[in-house]
Amino acid sequence: MPVVSTLTRSNLHSRLVNDGIYLQTGPFVTHVQSPIQSVADGIGLLYADYPLLGQADFADFHVCVQRPSTVRRWLRPQVTFLADGLSPYKPLPFDQAFPMLEWGLNWCVSMRAHRYLIIHAAVIEKGGYAVILPAPPGSGKSTLCAALVSRGWRLLSDELTLVRVGDGRLIPLPRPISLKNASIDIMQRFQPDIVMSPAVSDTVKGTVAHVKAPADSVVRSQEAAAPGWVIFPQYLAGAATTLEPMPKSRGFMQVAESCFNYSLLGRNGFDTLAQVIQASDCYRFTYSVLEEAIATFDALEASSFSL
Amino acid sequence: MKRWLVSNSALLLRSWDDEFVVYNESSGDTHLLDGVAGEILQALIAAPAEIEALVTSLGAKWDTDPSAELHRQIERILVDLQALALVEQR
């Protein structure tokens, strides 16, 4: 199947301007259209390894990032995100076009993909078992996730953990990892060859940049994983690395609060989350040094083989 | 004497690490219960009971004398569970 990198820069831009592309990300097909060059460049850079489907194929989401047709078009250029022709967000400054596509794609999944229990959490895998990392903004979740996937962990998702209703398996949705503010420099120092989109400042989240998902994670995006651990990370400057077991029942309640559609799914939400918690050891994790954090996760994964 | 019973049949219960998580399908609420409250609820899901019967059966299960103090503790927890709309008295 062709991938995005088979298109030249001008071909990709031309396709996005006209009929759009049908992009496969995990279980979803998204029809993307945009006349904006920075959107084409962001897709070309960060989605290079993703399959492109034929123009006539089914799409779960039809999205467009474009300039709104208002007078502000000429005064202070803006950009708007459309999903199936409707805009869930107010327009943003024009230079936020690519981040807006990423946020919009997250919105599409979190609002509509209810065949999954959707947890606001990163999820990574090694040796067949996954670590779910639920955490509020500022906890260092994405930085930790980016560091771990740069050292051999498979990225299932940086933002949206999809748990299949019925069997509790974790369905990969590997997409670019969103970094904010100080995390951008930290990851550039940590992994000098990291592939990252240009930083965009003054967004609602501060300065943001997106990291390319590892090609291997994209290739394996149809390969579900079993839950193994639920770890609540917290970055704390200067803190020692600590991994503290927590009761599963507490883990259940905290994860339920991090779900987008736990209530909506009713009994299915409860049963699905119970499957995840039953299969997982739960921990609180505090860290300040990425290398130590990675060593901790690797030791945890290695210990699962000695049980 | 009135019996205690679960408020509806749509309660789902899971237990880990001596704690319970209960989902009330009617309200959509999820509650975290400690082991004692969870076992009282578990007993009432199995069958409605008067408080004296609960004191006797749970006292035996917990290897505790069915004392007035145990009676007070169970009654207090039943009132708490009632406030959560998980049990009622009829």
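The figures that follow rest on heavy atoms only: side chains count, while hydrogens, waters and symmetry mates do not. Protein chains get the first letters and strands the later ones, always in sequence-line order, with residue 1 at the start of each.
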Interface residues of residues 222-236 of chain A facing chain B - heavy atom cut-off under 4.5 Å: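 Those residues of residues 222-236 of chain A which would need a heavy atom under 4.5 Å from chain B do not exist here.
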
Toward chain B: residues of residues 264-279 of chain A with heavy atoms under 4.5 Å: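 Those residues of residues 264-279 of chain A which have a heavy atom under 4.5 Å from chain B are A:Gly266, A:Arg267, A:Phe270, A:Asp271, A:Ala274, A:Ile277, A:Gln278.
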
Which residues in residues 18-44 of chain B have any heavy atom closer than 4.5 Å to a heavy atom of chain A?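 Counting heavy atoms that sit under 4.5 Å from chain A, the residues of residues 18-44 of chain B involved are B:Glu19, B:Val21, B:Val22, B:Tyr23, B:Glu25, B:Thr30, B:His31, B:Leu32.
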
So which residue, A:Ala256, A:Gly251, A:Ser249, ends up with the most heavy-atom pairs under 4.5 Å with chain B?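 With the most close heavy-atom pairs to chain B, the winner is A:Ser249.
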
Return yes when atom CZ of A:Arg151 has more than 12 non-hydrogen atoms of other residues, nucleotides or ligands closer than 6.0 Å, and no otherwise.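 Counting other residues, nucleotides and ligands, CZ of A:Arg151 exceeds 12 neighbours.
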
Which pairs of donor and acceptor atoms, one on a side chain in residues 108-119 of chain A, lie under 3.5 Å apart (sequence neighbours left out)?
from, atom 1, to, atom 2, distance (Å)
A:Ser110, OG, A:Asn106, O, 3.0
A:Ser110, OG, A:Trp107, O, 3.2
A:Arg112, NH1, A:Asp84, OD2, 2.8
A:His114, ND1, A:Asn261, ND2, 3.1
A:His114, NE2, A:Met111, O, 2.8

